[in-house]
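Heads up, the thing below is written out as structure tokens.
Order of the sequence lines fixes the chain letters, A, B, ..., with proteins taken first and strands second; residue numbering starts at 1 for each chain.
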Amino acid sequence: MTISTYNTRTGKKEPLATIKENHVNLYVCGITVYDYCHLGHARSTLVFDMIVRYLRYRGKTVTFIRNFTDIDDKIIKRAAEQNTTTEELSNRFIQAFHEDMISLGNLTPDLEPKATEHIPEIIELIETLMAKELAYETEGDVYYRVERFPHYGALSGRNLDDMMAGARIAVSAKKENPMDFALWKSSKPGEPTWESPWGPGRPGWHIECSAMSKKYLGDTFDIHGGGKDLIFPHHENEIAQSEGASGKPFVNTWIHHGFVTIKDEKMSKSLGNFLTIREMLERYPAEILRLFVFSAHYRTPLDFTDQAMHDAETGLDRMYSCLAAVAGLPQSGSGASAIGKKDRQKLEKLEERFCQALDNDFNTAQALGHIFDVVKTINKITHHLPENPGQEDLDLLTKSSNTLKRVGEILGILQQEPVAYLQAKQQKVLASLEISPAEIDNLIAQRNRARDEKNWDRADQIRAELLVKQIEIKDSASGTTWQVKI
RNA sequence: GGCGGCAUAGCCAAGUGGCUAAGGCAGUGGUCUGCAAAACCAUUAUUCCCCAGUUCGACUCUGGGUGCCGCCUCCA
């Protein structure tokens with residue numbers, strides 16, 4: 001089995017070929033740190049978290065780099081507004097980002113380089129471009145000469161003439177061509193600056209990714225990722241910079257994920273229709289958010305609704321209930337096997353089917369379908385298990401439950417103790433209710449007395465009373481149990 | 001205007017040139033129960049936006065149309 005990925009560069013799904021066998025060098029564009037991250041950023045980190053986990057699961061070693069852009073116009077502006085330094089501001093939001101990552105349960109990249117810590121590398125790269133006449137200096141600014149780079153626009157499928165026709169580019173007298181972009185910007189008084197051959201200034205937006213990826217991964221590496229909105233101009237410009245300087249191919253595989261939308265509109269800072277990760281996690285546990293994000297393929301838009309979150313939550317409860325049921329089975333039995341061939345196969349093939357789905361361009365939606373399919377099968381089996389089950393069947397159920405947890409780990413779900421998960425959930429809701437367990441037990445005792453007297457009206461009345469307070473009761477041969485209605 | 005993507009049941013969402021069009025949520029009928037709940041069983045798209053073409057055969061390929069979204073300015 002080979003892993004195939006959709007490559008933006010070629011526009012096709014293709015087998016993932018790496019430069020070094022069984023090693024993947026991955027560079028993901030991180031955030032510009034001037035504010036809290038929203039759900040769209042969360043999707044980005046979750047998607048690459050899953051990809052890294054899966055590649056490692058499939059036996060590859062992965063060098064995972066995600067940068068911080070900690071100097072740019074927005075940071076300068078925001079710092080001025082808050083009467084602080086760009087350094088303080090960016091450090092504050094890097095810290096916030098790290099907190100968010102921990103809350104989301106994401107792995108930490110192997111390296112999280114910052115632009116401001118790579119100024120010498122950036123200057124060196126610009127000097128190379130200057131020497132090749134791919135860049136020019138005007139009044140302390142340095143621009144990239146896009147007309148000199150023959151493949152400019154190849155990644156995003158545009159050409160310079162079309163883009164100029166679009167004419168949405170602010171024409172600057174300093175530029176030879178309106179499409180030329182800044183590599184180095186001269187600084188205004190009061191702005192953070194670094195010394196350079198072109199005078200005091202700071203790097204442009206795109207150059208740090210070229211400089212840092214080169215430093216840590218070399219001129220050519222395996223996968224470069226980010227949101228679809230980075231294809232143009234950010235990644236296009238990175239290619240122009242890196243390939244212009246090195247003369248070698250920059251990246252073999254480009255992976256771009258889709259946006260999170262609200263009411264089918266892109267969630268973005270400029271539209272103001274965003275929900276920060278923090279706000280989100282106050283409302284829903286991270287595991288539910290992960291399930292929601294992975295319920296759609298990473299390249300399609302993902303529309304956020306409370307209904308969708310509710311669906312994810314119900315689905316997760318279903319998975320944990322299934323795991324809890326298996327955990328509650330006896331350890332041993334001496335009966336005959338009762339699991340049919342078809343069901344047995346379904347359970348045994350889970351891992352294989354899960355991998356097939358993820359091999360196919362990380363199709364998490366399909367993979368989750370297989371998980372639910374197995375959950376359904378396990379539920380069916382446990383429900384029909386005879387009083388003295390077969391040892392073989394018990395072993396298969398335990399094994400399947402472990403497989404569920406193992407594949408769940410790739411998505412960052414199902415890692416809690418199932419019984420504890422369900423209890424914690426009950427308790428959380430219970431804490432917000434206006435009834436104590438003692439009161440509930442008291443009412444159930446009263447109801448059971450009524451039932452013994454066959455006073456069904458009274459019994460039903462108590463049950464209805466409890467239900468109003470979100471308490472559901474279950475009568476069974478071994479007594480009455482209750483749970484919070486979720 | 002240029003470039004790209006999407007359109008599958010009430011909602012969400014996979015998928016394939018021909019075998020039953022996954023799965024989740026919601027709904028309905030049944031088993032169980034004093035009645036319920038939970039769980040389980042069954043059931044819910046003769047059909048995949050519309051039109052034309054290619055093909056023995058298309059939802060899947062080609063062309064056209066419609067609608068929605070994104071990028072072209074900062075953006076994950």
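At a cut-off of 3.5 angstrom, counting only N and O atoms as typed in the model, there is a donor on one side and an acceptor on the other between the side-chain of A:R463 and the base of B:A36. One cannot find a donor-acceptor pair under 3.5 Å joining the base of B:G70 and the side-chain atoms of A:R299. For A:D475 against B:C35, a side-chain-to-base donor-acceptor contact under 3.5 Å is present.
The separation of B:A21 from B:C3, taken at their P atoms, amounts to 38 Å, rounded to a whole angstrom. Nucleotides B:A26 and B:C11 have their C1' atoms positioned 8 Å apart, rounded to a whole Å. Between the C1' atoms of B:G27 and B:C69, the separation comes to 31 Å (whole Å).
At B:C71, none of the side-chain N or O atoms of A:R158 fall inside 4.0 Å of OP1 or OP2 (strictly under the cut-off). Within the 4.0 Å cut-off from OP1 or OP2 of B:A14, not a single side-chain nitrogen or oxygen of A:N363 is found. Between A:S295 and B:A14 there is no side-chain polar atom (N or O) within less than 4.0 angstrom of OP1 or OP2. Phosphate proximity of B:A76 to A:K228: absent, as no side-chain N or O sits under 4.0 Å from OP1 or OP2.
Aromatic stacking of A:F259 on B:A76: not satisfied for centres closer than 5.5 Å together with planes under 30 degrees.
At a threshold of 4.0 Å, the pair A:E236-A:R158 does not count as salt-bridged, since none of the basic side-chain nitrogens sits closer than that to a carboxylate oxygen.
Figure legend: A:R299 and A:Y6 shown as a cation-pi pair, the cationic atom lying under 6.0 angstrom from the six-membered ring centre and within 45 degrees of its axis.
Applying the 6.0 Å contact sphere to NZ of A:K349 captures no more than 12 heavy atoms from other residues, nucleotides or ligands.
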